[in-house]
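We count residues from 1, following the sequence as given. For the numbers below, each heavy atom of this structure counts, side chains included, while hydrogens, waters and symmetry mates do not.
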Amino acid sequence: MAKSIVSAVLEKLSSFLMIPGEIKRNFELALALEEEIGKVIAHFQDIQSVLQDAESKQVKDANVRNWLKKLKDVAYDVDDVLDEWNSEKLKSQIEKEQKEARNFPLLKKMRNSISSFTFQTILYYKIASKLNGVNEQLDSIATEKDRYKFGLEKVVEEPRRLITASFIDDEEVYGRCQETEILVNVLVGENSSGGGLKLPVISIMGMGGIGKTTLAQLVYNHSDVECHFDKRIWICVSDPFDEIRIAKEILEAFKGESLNLVGKDNILQENRSHVSGKKVLLVLDDVWSEDATRWEQLRTSLKHCSPGSRILITTRNEKVAIIMGTTSSNLFLLNTLSLEECWSLLSRRAYYGRTREECENLDDIGWKIAEKCQGLPLAAKILGGLLRFKRTREQWQNVLDSEMWDIEEAEQDLFPPLFLSYYELPLAFKQCISYCAVFPKGMILRKDELIKLWMAQDYLKGVRCEEMEIVGEEYFDELHMRSFFQDFRGDELDSGIMKYKMHDIIHDFLLVLMKTECVMLVNHDSEELKVDLSCESARYGTLIRKEAAPTEPNIFRFRKLRSLLIDSSYHDTSSLRLYLPRLFDQLTCLRTLNLSNGLFRNSIEELPDEIGKLVHLRYLNLKNNKKLKELPESLCGLCNLQTLNLKWCDSLKELPCGIGKIINLRHLENDQTNLSLMAIPKGIGRLTNLQTLSLFVVMGNSDTSSLGDLQNLIHLRGLLKISGLGAVCDVTEAKKAELENKKGLRTLILDFTISKGLMSNRWQRDDGRLLEALRPPPCLEELEIWWYSSPTISANWMMGLTKLSHVSLGYCLHLKSLPPLGKLPSLESLYIGGMSRVEKVSVEFLGVEREEILAPSSSLESPSLSVIAFPSLKHLEFEFFDLEEWEDWMPLTSREEHISIMPRLCSLTINSCPKLKALPCYVLHNTSLKQLNISQSPTLSERCRKETGEDWLKISHIPSIMIDSVRIQVNCSSVEEFGVLQFQPLHSSSLSSKNFLKAFSQN
């Protein structure tokens, strides 16, 4: 971590060597500033050359850890000074542009110029003074460095790697029976042809200590494997990947003696001749290298093995497995042990030599200690070995109560294998994964949110002008492939959100690395927070509020915090209002601040003006503060702010007028504020870095933003909801928005309601022309249209959206017929609700052209040429409510029966359609349909009644049928195969039907 920070600071320092012209007028000041910067650079460059060795030694040497802490503290301080310098220059530039735009008289302009120069001079004197203090500290650190005799980077001794062999004692292994059976079958089973590959590669992948080598040993020594192969060879590869050494070991396995061969070609030729015609199993244990060229020539020399030969590798990195030629079907991600297996492994060692009575006395504590291992076999072995020498319950209880990083044996034996994985990471990855120590253990992490937090700490440096978010995606995916993150599956409703967890042991390891930089504070039982004085210079903090009103929070002692995450999942944020002014006044180094509220109705109601003092702030999370009504104008002085999260702040009436000054803002997450937010201020169009703007409210007056202000926001991506479109009468404004040019948009929600307090100019409105002008980009995937007032939807662009997978049409109260959505080739889910004037759904809805209807089926040469409407549709929902007029869902005529309709339909929901008479035959006879839900539609309900209904025999093949909230048929196996156990609404709009009606009545 120290090397990452020093490298980042050095990179920034080089850009500050160019002293601004206005300062060069003051020769003395310019000289002093250049001298101090030059000294800092020289110090850091000298120290940088030994940092790799220092970081490898810190795991076992507390003195080295302390030296690195001092170095990191100074590097952080320099980074803060440079960021302060940069922030002031940026703010000055913004103010200068604003003053120039106001066209002041010449005399006032001169006064402003003199004032600006004076301010800049004072700032640079202050910067030079701070850097002078830094250099004094670096002098001391450089002197101390020489005591440790660190090796230079080129001669650094790498961490020791364990050399493995094929031997194993089966009695020492618990679990892995199923995994062994699967892998043995892959190697020797009847279906082990390798998918047509000449020499298939099977990979066992997982984090360090999870048992990859053990599983490979079990498979290698299995009797079926011994009999199946002519020759089995075990090679511990480790790092670096030496193809010559591996080739020699293969030859030695065949010849049974050491070889004196020299020359790569001679060795590989000899290799080829020995494996030719033989069925070989080659196990390559502990592979790290991502250099494909080293592997390719060796693999080529092995391809003359007889069919059925296999290569089995173990690795921590999915990328390595892919480079080695592993296909997805041959990649085995090794999971942790069950609690029972972990206990068996731990207790075998811990209970060695004890009586039955002693064991029974310790069982209850032992099981809890086994839980600490989180299924990691290496942890169970180490703790089991430790407990063997703990004779009393008190000693066992002490192990249970200790954090893993406080146990000496864990630090000596468990963490070094994890350090190998960390050691192999590039510098940027080390920063990103180390930051994750700030999260509470077991926390569910959202990928997109984590990337924004990394971005706020300035970890994401792209090449080739890549966006930071794209770099973050690449970094995360690499760390995920290296087993630092595990997939986490929540409930089905969140299936679209990428969530992950970190194994507890990895989290413990990171806390060891970040011991003095990361602080976790928990207040409870009205006790004062106890603080380790050695951690007062911590940079990353988490405050878990288990008490609603803490006593004087010791968090104020950590004045150098760069990240503060306040966990309010136990109590709402309202009690924080007393402390926020002081917090903002004292913790001025913050780059990340999370003040999000839990699922509570009560919250803070305002942010104090002191928020403007957090000049370094890049990430501010205010999510779920449901009573927050406004944001202070001082917030607009935070020119570094990149992410502002206002989700579910549903009392927020307006954004600050000067929001256009936050020129580095990239993510304005304001979804779920549409019932309160009145408008978007003017100036939003200046935020040309914006990538996320969840909600854009159109007010329709000159004091707020108009649709045309979206024009310059070309980087918008993901979701965009535009509400208040009912107030737009000028179609040219919609054209100015140029939505079509925003190639990153994937979801577009168009809400044609009118903002609160405005009278409807319905006689001036033409929603049809407005919709046509709001042409989205062709890559759009989801489209929702609400409260549209024209009688038809005839936007020419809609049928050209070939990637559109979801459509919602809601409360289009004047719509008389449905658009031809059957033409959309990728449409998978469709919601239609609240259509008061639609009386029938006819063949036009299918999107079939007249000539296609008239074409006789005999003229079609093959089934592949038949007409298909809704070719990809899986989920369909109609929700028309009691006053609706829909009576007929028109069946096909004999001339239309050659049309294939909804061949992939899985679920159909009909809700509140009281006048609908019957379902068409193409729905009733649809064999792909797995779920049917009918409610508040009496005629349909009667026709589909079990056994007695007129249509029962036509629908009885459907596995899951629900009529008026009663499940009258369920075939569990079919439903589970379908993957959904409950009916769920398809529409993804941010407002439910009930809330829409509420909003409509308010308007």
Engineer: Taking the basic N atoms (NZ, or NE/NH1/NH2) and the acidic carboxylate oxygens, is any pair closer than 4.0 Å for R245 and E249?
Structural biologist: yes
Engineer: For the residue pair R316 and W288, establish whether any side-chain heavy-atom pair is separated by less than 4.5 Å.
Structural biologist: yes
Engineer: Nearest 0.5 Å please: distance from the SG atom of C305 over to the CD1 atom of I311.
Structural biologist: 7.5 Å
Engineer: Hey, is K319 close enough to E474 for a salt bridge, meaning N to O under 4.0 Å?
Structural biologist: no
Engineer: Does A253 offer a backbone N or O that forms a donor-acceptor pair with the side chain of K231 under 3.5 Å?
Structural biologist: yes
Engineer: I'd like to know if K447 pairs up with D477 as an ion pair, taking the criterion as any Lys NZ or Arg NE/NH1/NH2 lying under 4.0 Å from an Asp or Glu carboxylate oxygen.
Structural biologist: yes
Engineer: Under 3.5 Å, side chain of T314 to main-chain N/O of D286, donor-acceptor pair present?
Structural biologist: yes
Engineer: State which residue, out of V399, I365, L362, I382, fulfils the side-chain contact (heavy atoms from CB on, under 4.5 Å) condition with L387.
Structural biologist: V399
Engineer: Would you call L445 and K501 a side-chain contact if the rule is heavy atoms closer than 4.5 Å?
Structural biologist: no
Engineer: Can you tell me how far CD of E226 sits from CZ of R232, rounded to the nearest 0.5 angstrom?
Structural biologist: 4.0 Å
Engineer: Donor-acceptor pairs are to be reported for all side-chain atoms of residues 331-338 against protein atoms at under 3.5 Å, with residues two or more places apart or in another chain.
Structural biologist:
unit_1	atom_1	unit_2	atom_2	d
S338	OG	E341	N	3.2
S338	OG	E341	OE1	3.3

Engineer: At what distance, to the nearest 0.5 angstrom, does CD1 of I323 lie from OG1 of T315?
Structural biologist: 9.5 Å
Engineer: Can you tell if the side chain of L68 reaches within under 4.5 Å of the side chain of V64, non-hydrogen atoms only?
Structural biologist: yes
Engineer: Looking only at heavy atoms, what is the nearest atom pair of L346 and I369, with distance?
Structural biologist: CD1-CG2, 4.0 Å
Engineer: Mind jotting down which residue pairs meet the ring pair (Phe, Tyr, Trp, His ring centres under 6.0 Å) criterion with at least one end in residues 365-386? Sequence neighbours excluded, please.
Structural biologist: W343-W367
Engineer: Looking at K279, is its backbone amide N or carbonyl O close enough to the side chain of D230 to form a donor-acceptor pair, meaning the two atoms are under 3.5 Å apart?
Structural biologist: yes
Engineer: For the backbone of G385 and the side chain of R349, can you confirm whether one donor and one acceptor N or O come within less than 3.5 Å of each other?
Structural biologist: no
Engineer: Quick check: closest heavy atoms across A379 and I505, and the distance to 0.1 Å?
Structural biologist: CB-CD1, 4.3 Å
Engineer: Are Y475 and W454 near enough that their ring centres are under 6.0 Å apart?
Structural biologist: no
Engineer: Would a distance-only check, ignoring hydrogens and angles, find a side-chain to backbone donor-acceptor pair under 3.5 Å from H503 to Q374?
Structural biologist: yes
Engineer: Quick one: CG on L479 to CG on L450, what's the gap to the nearest 0.5 Å?
Structural biologist: 9.0 Å
Engineer: Are the side chain of R65 and the backbone of V512 linked by a donor-acceptor contact shorter than 3.5 Å?
Structural biologist: no
Engineer: Can you run down the side chain to side chain donor-acceptor pair (under 3.5 Å) pairs that involve residues 203-217, sequence neighbours left out, and say none if there aren't any?
Structural biologist: S203-T326, T213-D285
Engineer: For the CE atom of M502 and the CZ atom of F509, what is their distance to the nearest 0.5 Å?
Structural biologist: 11.0 Å
Engineer: Just do the side chain to side chain contact (heavy atoms under 4.5 Å, CB included) check on E469 and L460 with the steps written out, would you?
Structural biologist: CA-CA 8 Å; E469 291 80 1; L460 307 180; over 6 Å; no
Engineer: Which residue, D224, L281, I182, forms the side-chain contact (heavy atoms from CB on, under 4.5 Å) with L187?
Structural biologist: L281
Engineer: Does the plane of the ring in H274 sit parallel, tilted or perpendicular to the ring in F254? Use 30° and 60° as the thresholds.
Structural biologist: tilted
Engineer: List in chain and number order the residues that pass ring pair (Phe, Tyr, Trp, His ring centres under 6.0 Å) with Y500, two or more places apart in sequence or in another chain; answer none if no residue qualifies.
Structural biologist: F476, H480
Engineer: Among all residues two or more places apart in sequence or in another chain, which pass the side chain to side chain donor-acceptor pair (under 3.5 Å) test with N271?
Structural biologist: none
Engineer: To check you understand the geometry: which heavy-atom pair defines the closest contact between I267 and A247, and what is its length?
Structural biologist: CG2-CB, 3.6 Å
Engineer: Please identify each residue that fulfils side chain to side chain donor-acceptor pair (under 3.5 Å) with S328, with sequence neighbours left out.
Structural biologist: none
Engineer: Which residues pass the ring pair (Phe, Tyr, Trp, His ring centres under 6.0 Å) test with F484, not counting sequence neighbours?
Structural biologist: none
Engineer: Keeping R299 on the side-chain end and M324 on the backbone end, is there a donor-acceptor pair under 3.5 Å?
Structural biologist: yes
Engineer: May I have the step-by-step check of side chain to side chain contact (heavy atoms under 4.5 Å, CB included) for C436 and H507, ending in yes or no?
Structural biologist: CA-CA 8 Å; C436 295; H507 188 268; over 6 Å; no
Engineer: Decide if atom NZ of K248 counts as having more than 12 heavy atoms of other residues, nucleotides or ligands within a radius under 6.0 Å.
Structural biologist: yes
Engineer: Is the shortest heavy-atom distance from the side chain of N330 to the side chain of V201 under 4.5 Å?
Structural biologist: no
Engineer: Say whether, by atom type as modelled, one donor and one acceptor occur between the side chain of S4 and the main chain of A428 under 3.5 angstrom.
Structural biologist: no
Engineer: Give the minimum heavy-atom separation between G366 and W396, together with the two atoms involved.
Structural biologist: CA-CZ3, 3.8 Å
Engineer: Which value, rounded to the nearest 0.5 Å, describes the distance between R482 atom CZ and N317 atom CG?
Structural biologist: 4.5 Å
Engineer: Looking at S434 and Q431, would you say the former's side chain and the latter's main chain have a donor-acceptor pair under 3.5 Å?
Structural biologist: no
Engineer: If the condition is side chain to side chain donor-acceptor pair (under 3.5 Å), which residues does S289 pass it with, not counting sequence neighbours?
Structural biologist: none
Engineer: Can you name the residues that form a ring pair (Phe, Tyr, Trp, His ring centres under 6.0 Å) with Y459, not counting sequence neighbours?
Structural biologist: none
Engineer: For Q52 and Y423, run side chain to side chain contact (heavy atoms under 4.5 Å, CB included): C-alpha distance rounded to whole Å, both residues' side-chain angles, the deciding distance at 0.1 Å, then the answer.
Structural biologist: CA-CA 9 Å; Q52 190 168 334; Y423 179 83; 3.2 Å; yes
Engineer: Any idea how W234 and Y220 line up, ring-wise: parallel (<30°), tilted (30 to 60°), or perpendicular (>60°)?
Structural biologist: perpendicular
Engineer: Could you tell me which non-hydrogen atom of K874 sits nearest to which non-hydrogen atom of R904, and how far apart they are?
Structural biologist: CE-NH2, 3.3 Å
Engineer: Provide the full list of salt bridge (Lys or Arg N to Asp or Glu O under 4.0 Å) pairs with a residue in residues 266-277, sequence neighbours left out, each pair given once.
Structural biologist: K255-E270
Engineer: For C342 versus C373, what's the shortest heavy-atom pair and its separation?
Structural biologist: SG-CB, 3.6 Å
Engineer: Does the side chain of F485 reach to within under 4.5 Å of the side chain of I433, using non-hydrogen atoms?
Structural biologist: yes
Engineer: Does the side chain of M207 reach to within under 4.5 Å of the side chain of L376, using non-hydrogen atoms?
Structural biologist: yes
Engineer: If you define the side chain from C-beta out and look only at heavy atoms, does anything of L183 sit under 4.5 Å from I204?
Structural biologist: yes
Engineer: Counting C-beta onward and ignoring hydrogens, is there a side-chain heavy-atom pair between F241 and V287 closer than 4.5 Å?
Structural biologist: yes
Engineer: Could you go step by step and tell me if L298 and I246 meet the side chain to side chain contact (heavy atoms under 4.5 Å, CB included) rule?
Structural biologist: CA-CA 9 Å; L298 177 60; I246 295 170; 3.6 Å; yes
Engineer: Not counting sequence neighbours, which residues clear side chain to side chain donor-acceptor pair (under 3.5 Å) with E517? List them please.
Structural biologist: K72, Y76
Engineer: Who pairs with W295 by ring pair (Phe, Tyr, Trp, His ring centres under 6.0 Å), at least two apart in sequence or on another chain?
Structural biologist: none
